[in-house]
Colleague: 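My questions will all concern the structure given below.
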Amino acid sequence: MALVLYNTLTRKKEPFEPLIKGRVGIYVCGVTVYDESHLGHAKSAINFDVIVRWLRHRGYDVKHVTNFTDVDDKIIARANELGIPALELSQKMIEGYHRDMDMLRIERASVYPKASETMPDIIAMVRGLVEKGYAYESNGSVYFSVRRAKEYGKLSGQKLDDLQTGARIEPGEDKRDPMDFALWKAAKPGEVAWESPWGKGRPGWHIECSAMCLKHIGKTVDIHGGGTELIFPHHENEILQSEAYNDAPFVRYWLHNGLLTIDEEKMSKSLKNFFLIRDIMKRYRPEVVRFYLLNASYRQPLEYNETSLEEAGKALDRLQNTYDMMISAAKNASGEDDAVDICDKAWKEYEARMDDDFSTREAIAVMYELSHEANRLLSEGRLGSRGAENIIGVFDKFNEVFDVLAGERLGEDLSGKLIDLLLLVREEARKRKDFAQADVIRKRLSELGIEIQDTQDGAVWKRK
RNA sequence: GCCGGGGUGACAGAGCGGCCAUGUGGCGGACUGCAGAUCCGUAAACAGGAGUUCAAAUCUCCUCCCCGGCCCCA
């Protein structure tokens, strides 16, 4: 079964074939680092984290590039408020971003280019576009001439003439067409700026991504990702620049993640309806946050409300509980069933769901089913230790991509053996109906972070 | 207005032509010294209207409603 993914460019699912067999170059639009990251940023990062992990699972050699926009109006404005240099602010925010995303177990990208460190490439591209006649200089700024582009709107479906009504030219700008956009912006006094053939200035919004794609991946990238709000105009304009400059198709597959919403409105700074990752993490484990954000199609908006994280936590506990039970059962289960059939079925189904445009929600549903069947085998006393091992194997493979289960094998060291011994003592107490003794052992272990559960096959324990 | 994406049970969310989604919650059982977990069973939905079809949440058309984008900026 081949990997199929939904391409925003064609508005349909297509079999995935990278430009070079076995290798994938993926570029995901990152954040503008003027403030701390909120849960909406986490959704995007986790969606693409799982996509990259799945591509690797499928055997691809993946180069993942995510940028930091560390120079822009908002950063400059915020830095001025705080009275610090713009690049100092953005560097601080980048550190915060990594701190948040590391906590969420998001694998680091292969490279995190910054706009401020990509200047030679950006300037070269702008100059090239001017030389080829796609762009023009005006009062120290450089604009891309949309009327010169071969095709306009192939990603977003927008027609240039329909857009004319809204656009206008700001005083001081010198665009030839209202829809033209800045490749290079002349510096205003006091702003952070770089030398260029057009005088001091800084890059326009869209150009850094085009330059970074070329520098770190090549003329054509296999996958370009970002939030749906970036489709227009940002990604549209990237296409214009890159294809004009490179004379090559820019992107093979465009992937866009749906936004996180609250009361059906997107989570954003400007609406003040956001939750910082840092604050969420004070109340919920990172695994729960990951699990919650993967409980939907990456492409659709996801509605956040007060109870959704609670529910995700309970649902995840269900899988975790089965996993813990299986680890225990692998040591002492006494049945015959090796569970090979249900494991094979589950894993095949799981892979098929993931291959179908990374349907994480359905893949999770497969895991619930496996969990269900495993629990039944166990409760009916039919599961063998071999079977428990097989089920653990599927959970482990699942977890390599989702990374939501606490996976450490417990009980192999001395403290684990001592706990087993205490359970034995407790079991003796229970047999002679000394429940006070039994409950004390359970309570004291609980205080030490060890949770006991009595089952048909005896007690099992796990770290809380 | 234009370009996209949507409207599914109490909530969150799959499915996109015929079969149980799933999870949380509800209800009824089982197990149990108590906890917890688990198991068995059960109720509950496809915005509205027309059409296509033997058969439609699923396809077509119309209506209503919601979200994202359409100056700058992510």
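Residue numbering restarts at 1 for every chain, and letters A, B, ... go by the order of the sequence lines.
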Colleague: Check this for me: does any side-chain nitrogen of one of A/R430 and A/E427 sit under 4.0 Å from a carboxylate oxygen of the other?
Modeller: yes
Colleague: How would you label the glycosidic angle of B/A57: syn (within 90° of 0) or anti?
Modeller: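 Base orientation: syn.
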Colleague: For A/S297, answer base if it contacts any base atom (sugar-phosphate contacts may also be present), sugar-phosphate if it contacts only those atoms, and nothing otherwise; contact means non-hydrogen atoms under 4.0 Å.
Modeller: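 Sugar-phosphate contact only.
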Colleague: Rounded to whole angstrom, note down the C1' distance from B/G9 over to B/A14.
Modeller: 13 Å
Colleague: Quick one: which of B/G33, B/A74, B/C39 gets closest to the side chain of A/R376?
Modeller: B/C39
Colleague: Under 4.0 Å between any heavy atoms, over every strand shown, what does A/Q300 touch: base, sugar-phosphate, or nothing? Just pick one.
Modeller: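 Sugar-phosphate, no base atom in range.
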Colleague: Between B/U24 and B/C39, how far apart are the P atoms? Round to whole Å, please.
Modeller: 10 Å
Colleague: How is A/R442 classified with respect to the nucleic acid when contacts are heavy atoms under 4.0 Å: base, sugar-phosphate, or nothing?
Modeller: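 The residue A/R442 makes base contact.
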Colleague: Taking atom P of B/A37 as reference, at what distance in whole Å does atom CG of A/L378 sit?
Modeller: 16 Å
Colleague: Say we look at B/G1 and B/U8: how far apart would their P atoms be, to the nearest angstrom?
Modeller: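 The answer is 23 Å between these two P atoms.
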Colleague: Think A/N321 has a side-chain N or O under 4.0 angstrom from the OP1 or OP2 of B/A37?
Modeller: no
Colleague: Expressed as a whole number of angstroms, how long is the span from A/H234:NE2 to B/C70:P?
Modeller: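 Rounded to whole Å, this separation is 13 Å.
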Colleague: Nearest-Å distance, CG (A/N237) to C1' (B/A74)?
Modeller: 14 Å
Colleague: Do A/F250 and A/H235 make the cut of ring centroids closer than 6.0 angstrom?
Modeller: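 No: the rings miss the under 6.0 Å criterion.
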Colleague: Can you check whether A/W205 has a side-chain N or O nearer than 4.0 Å to OP1 or OP2 of B/A74?
Modeller: yes
Colleague: Any side-chain heavy atom of A/H224 within less than 4.5 Å of one from A/E238?
Modeller: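 When only atoms from C-beta onward are counted, A/E238 and A/H224 do touch, with a gap below 4.5 Å.
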Colleague: Pick base, sugar-phosphate or nothing for A/R426, based on heavy-atom distances below 4.0 Å to the nucleic acid.
Modeller: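 Here A/R426 touches the bases of the nucleic acid.
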Colleague: How is A/E303 classified with respect to the nucleic acid when contacts are heavy atoms under 4.0 Å: base, sugar-phosphate, or nothing?
Modeller: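 Sugar-phosphate, backbone atoms only, no base.
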Colleague: For nucleotides B/C31 and B/C40, find the distance between their C1' atoms and express it as a whole number of Å.
Modeller: 11 Å
Colleague: Between B/G69 and A/K266, is there an OP1 or OP2 to side-chain N/O distance shorter than 4.0 Å?
Modeller: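 So the side-chain polar atoms of A/K266 do come within 4.0 Å of the phosphate oxygens OP1 or OP2 of B/G69, strictly under.
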Colleague: If I pick the C1' atom on B/A56 and the same atom on B/A45, what distance separates them, to the nearest angstrom?
Modeller: 15 Å
Colleague: Quick one: do A/R444 and A/E447 make a salt bridge, cutoff under 4.0 Å?
Modeller: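 Between A/E447 and A/R444 there is a salt bridge, with a charged N closer than 4.0 Å to a carboxylate O.
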Colleague: With a non-hydrogen cut-off below 4.0 angstrom, is A/G30 in contact with a base, only sugar-phosphate, or nothing?
Modeller: sugar-phosphate
Colleague: Report yes if the side chains of A/L82 and A/L89 come closer than 4.5 Å at any heavy-atom pair, otherwise no.
Modeller: yes
Colleague: Taking the six-membered ring for Trp, are A/F144 and A/H206 ring centroids under 6.0 Å apart?
Modeller: no
Colleague: May I ask you to say whether A/K185 pairs ionically with A/D72, meaning some side-chain N is under 4.0 Å from a carboxylate O?
Modeller: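 Judged by the 4.0 Å cut-off on N to carboxylate O distance, A/K185 and A/D72 do not form a salt bridge.
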Colleague: Report the stems of RNA chain B as range-with-range entries sorted by first number; a stem here is at least three consecutive pairs, Watson-Crick or G-U wobble, both distances under 3.5 Å, and write none if there are none.
Modeller: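 Runs of three or more consecutive pairs: B:1-7 with B:64-70, B:10-12 with B:22-24, B:26-30 with B:38-42, B:47-51 with B:59-63.
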Colleague: Kindly indicate whether the side chain of A/R430 and the base of B/G33 share any N or O donor-acceptor pair separated by less than 3.5 Å?
Modeller: yes
Colleague: Report the nucleotide, chosen from B/C2, B/G13, B/C73, that has the shortest atom-to-atom distance to any side-chain atom of A/K74.
Modeller: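 Side chain of A/K74 sits closest to B/C73.
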Colleague: Base, sugar-phosphate alone, or nothing: which one does A/S308 contact when heavy atoms must sit under 4.0 Å apart?
Modeller: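 Nothing, no heavy atom under 4.0 Å.
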Colleague: Can you tell me, in whole Å, how much space there is between the P of B/A12 and that of B/G5?
Modeller: 23 Å
Colleague: How is A/N305 classified with respect to the nucleic acid when contacts are heavy atoms under 4.0 Å: base, sugar-phosphate, or nothing?
Modeller: sugar-phosphate
Colleague: Quick one: do A/R147 and A/D177 make a salt bridge, cutoff under 4.0 Å?
Modeller: yes
Colleague: Any base atoms under 4.0 Å from A/K185, or only sugar-phosphate, or nothing? Heavy atoms, all strands.
Modeller: sugar-phosphate
Colleague: Distance alone, cut at 3.5 Å: any donor-acceptor contact between the side chains of A/E208 and A/N67?
Modeller: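 Yes, side-chain donor-acceptor contact under 3.5 Å.
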Colleague: Considering only the P atoms, how many Å lie between B/G23 and B/G33, rounded to the nearest integer?
Modeller: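 About 28 Å, rounded to a whole number of Å.
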Colleague: Closer than 4.0 angstrom, basic N to acidic O: yes or no for A/K74 and A/D35?
Modeller: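 Looking at A/D35 together with A/K74, the answer is no, because their closest N to O distance does not fall below 4.0 Å.
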Colleague: Checking contacts here: which listed nucleotide (B/G33, B/A74, B/G36) is nearest the side-chain heavy atoms of A/L230?
Modeller: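 Nearest to the side chain of A/L230 among the choices is B/A74.
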Colleague: Can you give one letter per nucleotide of nucleotides 18-23 of chain B, 5' to 3': B if a protein heavy atom sits under 4.0 Å from the base, S if only from the sugar-phosphate, - if neither?
Modeller: ---BBB
Colleague: Looking only at side-chain atoms of A/F232, point me to the closest of B/G36, B/G33, B/G69.
Modeller: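 Of the options given, the side chain of A/F232 lies nearest B/G69.
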Colleague: Between A/Y6 and A/Y253, does the ring centroid distance fall short of 6.0 Å?
Modeller: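 So the answer is no for these two rings.
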Colleague: Using the C1' atom on both, measure B/A57 against B/A74 and round to a whole Å.
Modeller: 36 Å
